[in-house]
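Scope of the values below: all heavy atoms of this structure, side chains included, with no hydrogens, waters or symmetry mates. Residue numbers start from 1 in every chain, and the chains themselves are labelled A, B, ... in the order their sequence lines are given, proteins ahead of strands.
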Amino acid sequence: MRVTKKIKEEQIRILGEVYKDTKPALIFRNPFELLIAVILSAQCTDKRVNVTTARLFQKAATPEAILSLGLAALEEEIRDCGLFRNKAKNIMATCQILCEQYGGEVPADFAKLQELPGVGRKTANVVMSVGFNAPAIAVDTHVFRVSNRLKLAAGDTPLAVEQGLMKAIPKDKWSAAHHWLIWHGRNICKARKPLCGKCPLADVCPTAIDFQPSP
DNA sequence: CTCCCGATAT
DNA sequence: ATATCAGGAG
């Protein structure tokens, strides 16, 4: 199947229809809690992050409070999320910068966010999009996989896929489409065993046939 | 490219 | 047993 512009528009239309009521999976009350949750979410399920942050934010929910907690205590709080030494060190350093340079607030600025330790392009895009309602497409593992399978935006790096998606999707739908692709990746277009049999996009997906049982 | 890393699904 | 999970830094 050759994925024409027409087919991409149809893919986007179906995604928007099926996943119109989706919202962020991570639980947060403000941009700071979102930032911490997204840092913790690397190589970890959102479900596990939500359990961890619920416990953490009860004890410390501001940059100041987390700095007071101390590195060792923070490591224990977030241990279950994996990569916990790196994440704890990065969160402490980030909180330090937020306090010293931004008055304890999270800057609504993509470049400044990316300068924070433990915050790369994907995390900065999530905070801008979800936390500050700015048009952005964060390419995580799900968005990357689904976009490539659909050939909605093919690319061998997250940045290439992000740029492809920005061309294929109207700007006013960037942030919503990011959530559509994540939900689709979680529920249907799974990494290991995609459910092509019950996928609403199977007719417009060039990869679906590859997962059908051979005749 | 490698390393960081525990929990979960298959 | 092993692949995968809302990645980022060196």
Side-chain angles (χ1 to χ4, degrees), chain A residues 15 19 22-29 31-57 71-97 106 110-134 136-149 153 155-162 165 174-197 211 213:
Chain A
L15 285 168
Y19 301 104
T22 53
K23 55 183 178 65
L26 295 173
I27 298 170
F28 61 97
R29 293 172 292 187
F32 176 71
E33 291 193 353
L34 174 63
L35 173 63
I36 300 304
V38 179
I39 290 175
L40 289 175
S41 72
Q43 298 296 295
C44 179
T45 60
D46 52 340
K47 187 176 174 182
R48 174 56 50 188
V49 172
N50 287 333
V51 172
T52 300
T53 52
R55 200 157 38 85
L56 173 62
F57 294 152
L71 180 60
L74 181 59
E75 284 184 350
E76 288 313 306
E77 287 291 333
I78 69 171
R79 174 179 286 272
D80 290 351
C81 290
L83 310 179
F84 66 95
R85 293 186 185 87
N86 282 333
K87 289 175 183 175
K89 192 185 347 167
N90 287 332
I91 289 172
M92 290 299 274
T94 284
C95 287
Q96 183 95 353
I97 293 173
V106 177
F110 180 73
K112 289 176 180 172
L113 285 170
Q114 243 187 321
E115 290 172 4
L116 297 170
V119 180
R121 186 177 188 87
K122 178 259 172 178
T123 299
N125 269 326
V126 171
V127 173
M128 289 307 295
S129 170
V130 178
F132 296 117
N133 297 309
I137 302 179
V139 178
D140 57 42
T141 181
H142 296 303
V143 175
F144 185 81
R145 180 181 66 253
V146 174
S147 298
N148 270 305
R149 282 180 178 166
D156 39 2
T157 66
L159 178 57
V161 169
E162 178 184 333
L165 287 173
W174 285 357
S175 294
H178 156 244
H179 286 113
W180 301 341
L181 292 167
I182 288 180
W183 249 256
H184 188 60
R186 276 185 45 119
N187 300 318
I188 303 288
C189 197
K190 302 180 182 184
R192 202 138 17 144
K193 187 187 161 197
L195 308 178
C196 300
F211 291 105

- Task: Taking only Lys NZ, Arg NE, NH1 and NH2, and the carboxylate oxygens of Asp or Glu, determine whether A:Arg85 and A:Glu75 approach each other closer than 4.0 Å.
- Result: no
- Quick one: label A:Gly82 by what it contacts on the DNA or RNA (base, sugar-phosphate, nothing), any heavy atom closer than 4.0 Å. base
- Among the nucleotides C:dC5, B:dC5, B:dG6, whichever has the atom closest to the side chain of A:Arg85 is B:dC5
- Output the single nucleotide from C:dT4, B:dC5, C:dG8 whose closest atom is nearest the side chain of A:Thr123. C:dG8
- Message: Using OP1 and OP2 only, check whether a side-chain N or O of A:Thr141 sits under 4.0 Å from C:dC5.
- Response: yes
- Note on the structure: note: A:Leu159, atom CG; C:dG8, atom C1'; distance rounded to Å ~ 15 Å
- Query: If you measure from the P atom in C:dA3 to the same atom in B:dT2, how many Å do you get, rounded?
  - Reply: 15 Å
- Message: With hydrogens left out and only the distance checked, is there a donor-acceptor pair under 3.5 Å joining A:Arg48's side chain and the base of B:dA7?
- Response: no
- Which listed nucleotide (C:dT4, C:dC5, B:dA7) is nearest to the side chain of A:Asp80? B:dA7
- Query: Taking the side chain of A:Asp140 as its heavy atoms from C-beta onward, which of C:dG7, B:dC4, C:dC5 lies nearest to it?
  - Reply: C:dG7
- Rounded to whole Å, the NZ-C1' distance (A:Lys190 to C:dT4) equals 12 Å
- Message: I'd like to know if A:Arg79 and A:Glu76 make a salt bridge, using a cut-off of under 4.0 Å between side-chain N and carboxylate O.
- Response: yes
- Given DNA chain B, 5'-ward residue of the pair A:Lys47 and A:Asn86, judged by closest heavy atom: A:Asn86
- Backbone N or O of A:Asp46 within a donor-acceptor pair of the A:Ser41 side chain at under 3.5 Å? no
- Message: Starting the side chain at C-beta, find the nucleotide from B:dT10, B:dC4, B:dA7 nearest to A:Leu83.
- Response: B:dC4
- Query: Side chain of A:Asn50, backbone of A:Ile27: donor and acceptor closer than 3.5 Å?
  - Reply: yes
- Item | Whole-Å gap separating C1' (C:dC5) and CD1 (A:Ile78) | 16 Å
- Item | Length of the line joining A:Ile39:CD1 and C:dA9:C1', which is rounded to integer Å | 13 Å
- Rounded to whole angstroms, how far apart are NZ on A:Lys87 and C1' on B:dC4? 9 Å
- Task: Compare all side-chain heavy atoms of A:Ile36 with those of A:Glu33 and state whether any distance is below 4.5 angstrom.
- Result: no
- Query: Rounded to the Å, how far apart are A:Leu113 CG and C:dG8 C1'?
  - Reply: 15 Å
- Item | Nearest listed nucleotide, side chain of A:Thr45, among B:dA9, C:dG7, C:dC5 | C:dC5
- Query: What is the distance, rounded to the nearest whole Å, between atom CD1 of A:Ile91 and atom C1' of C:dG7?
  - Reply: 13 Å
- Message: What's the gap between B:dA7 and C:dG8 when it is taken at their P atoms, as a whole Å value?
- Response: 22 Å
- Item | Close aromatic pair by centroid cut-off 6.0 Å: A:Tyr19 and A:His179 | no
- Integer-rounded Å distance: C:dC5 P and A:Ile182 CD1: 12 Å
- Query: When you match A:Asp46 and A:Leu116 each to their closest nucleotide on DNA chain C, which lands nearer the 5' end?
  - Reply: A:Asp46
- Message: Base, sugar-phosphate or nothing for A:Val143? Non-hydrogen atoms, less than 4.0 Å.
- Response: nothing
- Task: Pick base, sugar-phosphate or nothing for A:Pro158, based on heavy-atom distances below 4.0 Å to the nucleic acid.
- Result: nothing
- Task: Answer yes or no: does a side-chain N or O of A:Ser41 lie under 4.0 Å from OP1 or OP2 of C:dC5?
- Result: no
- Item | Upstream residue (5' side of DNA chain C) when A:Asn90 and A:Cys44 are each assigned their closest nucleotide | A:Cys44
- For C:dG8, take OP1 and OP2 only and decide whether either is under 4.0 Å from a side-chain N or O of A:Arg121. no
- Item | Out of C:dC5, C:dG8, B:dG6, whichever nucleotide has its closest atom nearest the side chain of A:Lys122 | C:dG8
- Yes or no on salt bridge (charged side-chain N to carboxylate O under 4.0 Å, His left out) for A:Glu162 and A:Lys122, after CA distance, side-chain angles and deciding distance? CA-CA 10 Å; A:Glu162 178 184 333; A:Lys122 178 259 172 178; over 6 Å; no
